[in-house]
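Worksheet: the structure to be examined is printed underneath.
A, B, ... follow the sequence lines: proteins, then strands. Residue 1 opens every chain.
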There are 2 protein chains.
Amino acid sequence: MDDHADQIRKPRADAVRNRERVLEAAKLVFSAGGPEASLEAVAKRAGVGIGTLYRHFPTREDLFEAVYRREVEQLSELAEQLKNAKDPVDALRRWLRSNVEFVATKKGMSAALALTFQSSSELAAFSMDRLTKAIGSLLDRAVAAGEMRGDVSPEDLLRALVGMCYMHDQPGWQSSVLRMLDVFVDGLRVQPAGRSKTRTAKPAKSAAKRKR
Amino acid sequence: MDDHADQIRKPRADAVRNRERVLEAAKLVFSAGGPEASLEAVAKRAGVGIGTLYRHFPTREDLFEAVYRREVEQLSELAEQLKNAKDPVDALRRWLRSNVEFVATKKGMSAALALTFQSSSELAAFSMDRLTKAIGSLLDRAVAAGEMRGDVSPEDLLRALVGMCYMHDQPGWQSSVLRMLDVFVDGLRVQPAGRSKTRTAKPAKSAAKRKR
DNA sequence: TTGTTAAACGGAGGGTGCCTCCGTATCTTC
DNA sequence: GAAGATACGGAGGCACCCTCCGTTTAACAA
């Protein structure tokens, strides 16, 4: 065997650029037109040929999945940035709000995702993991700063968030969720002495003991 | 105005028959091929022309909805029949199991329904109402017979059922749900004296007080 | 029965989107 | 700058969508 076997070329610049363009276009087109939107429309909007689109994403699901992964990663990065904010509680609140926005702009995408999640439970695992970590880092910081109670796990919070957004077909759901989120975050704050009336629920694993 | 105004013709027999055929075919085709399955395939399987299909169900969603409504009604009727079974607990158990089967055969349909529910919350309301009543009638009978505890509402039960079926993409979900259902039904039974260790949760509205 | 007529049927056909294939253009490497 | 690898674009064949309308059939009246 020759020794160029593992020699790797740098990926072509135009390929990288086009891939990104298609993802961006897909995000817009699917949000507006739902999961049945035409792939040719996506290609046109991205300013690439239909062949290019298919080379990068052989199936419609591949494209859905890539768009979604990218967004989850962006949310994850947002959490990373918010880590440096001064007020940890506010940081958490902002991240949660971004999530609501995320769901809101996905009108059409949600049905597409239902389809995609079915065929790729790996994707579901990936996003859960990523989001849990994001929320966990923000939560831990707020707890460490003594501003939030430590008996709520990131999974709890994520579940509450997802649950709240789940019924996002009723009219006015978004403002409703935002309101509930505020109430929720307020509830998460460390209670001023004498205001904690209910402490019946048993706490989740404390923040301090969770890994990283 | 002439007096034939409200004179109504009997609906044509072939129309009624064809409508039914299309529904049956759609159920099979969508279950197998998912929500994107070809409507032409449905028409062919039903043995009718494509035009006929479109006359009865102008849009794909109309067809989804009609199929689903029909199934919900069948589950509802099944409950009606089971009312006359000797053993009320067994009757309830059977109905729940039928539900699992219902979900299982709907592989492809579930994504379709996600789409349909978004555009028709009336449909969601209809099915919730119907299923709640079905489960309620079975539950009431078991409670009245003194075989089941009365602190669980039909809504609770339905929610538990739906929740259990929600993750129906994991491998082996079905047997898992069936097992959980059995455990659940056992838990619903009136506990033999001395075996009731936990009674902490506050009861839902008692069965006796619910209407009908 | 037979005639009349409203209602339903079927499928051709124009339009759109899907996806493959391959000649051409462009980038990387030497 | 040349060579070769890689990516590009879009024409084209196919499948499906949905409409439209000439033909068929069932319901009703006589």
Expressed in angstrom and rounded to an integer, what is the separation of A/Lys10 atom NZ from C/dC27 atom C1'? 10 Å
Closest-nucleotide mapping onto DNA chain C: is A/Ala37 or A/Arg55 further toward the 5' terminus? I mean the 5' end. A/Ala37
In the structure I gave you, are the side-chain heavy atoms of B/Ile50 and B/Val42 within less than 4.5 Å of one another anywhere? no
Using heavy-atom distances to pick each residue's nearest nucleotide on DNA chain D, tell me which of B/Ile50 and A/Gly49 is more 5'. A/Gly49
Can you tell me the distance, in whole Å, between the CD atom of A/Glu40 and the P atom of C/dC19? 10 Å
Check: B/Ser76 and B/Lys133 side chains under 4.5 Å, non-hydrogen atoms: no
Measuring from atom CD of B/Glu73 to atom OH of B/Tyr68, what distance do you get when rounded to the nearest 0.5 angstrom? 11.5 Å
Just how far, in rounded Å, is C1' of D/dT19 from CZ of B/Phe57? 18 Å
For C/dC9, take OP1 and OP2 only and decide whether either is under 4.0 Å from a side-chain N or O of B/His56. yes
I'd like to check B/Leu96 versus B/Leu138 (side-chain heavy atoms, cut-off strictly below 4.5 Å). Are they in contact? no
Please give, in whole Å, the distance from C/dT16 P to A/Leu39 CG? 17 Å
Rounded to the nearest Å, what distance is computed from the CZ atom of residue A/Arg12 to the C1' atom of nucleotide C/dT29? 13 Å
Looking at D/dC16, does its base get a donor-acceptor pair with the side chain of B/Glu36 below 3.5 Å? no
Quick check on D/dC17: is either OP1 or OP2 less than 4.0 Å from any side-chain nitrogen or oxygen of B/Arg60? yes
Interatomic spacing from CZ in B/Arg141 to CE in B/Met148 - rounded to 0.5 Å: 11.0 Å
Strictly below 4.0 Å: does A/Thr52 bring a side-chain N or O up to OP1 or OP2 of D/dA7? no
Please give me the minimum heavy-atom distance between B/Ala25 and B/Arg45, naming the atom from each residue. CB-CG, 3.7 Å
For the pair made of OH in B/Tyr54 and C1' in C/dG13, what is the distance, rounded to whole Å? 14 Å
Please give, in whole Å, the distance from C/dA8 P to B/Leu53 CG? 15 Å
When you measure from the side-chain N and O atoms of B/Ser38 to the phosphate of D/dA15, is any distance below 4.0 Å, counting only OP1 and OP2? no
Can you confirm whether more than 12 heavy atoms, excluding those of A/Arg94, are under 6.0 Å from its CZ atom? no
Side-chain donor/acceptor contact of A/Arg9 with base of D/dA5 under 3.5 Å: no
Assert: residue with more 5' nearest nucleotide on DNA chain D, out of B/Asp14 and B/Ala41, is B/Ala41
I need the residues from residues 15-25 of chain A with at least one non-hydrogen atom less than 4.0 Å from DNA chain D; give them sorted by number, or say none. A/Ala15, A/Asn18
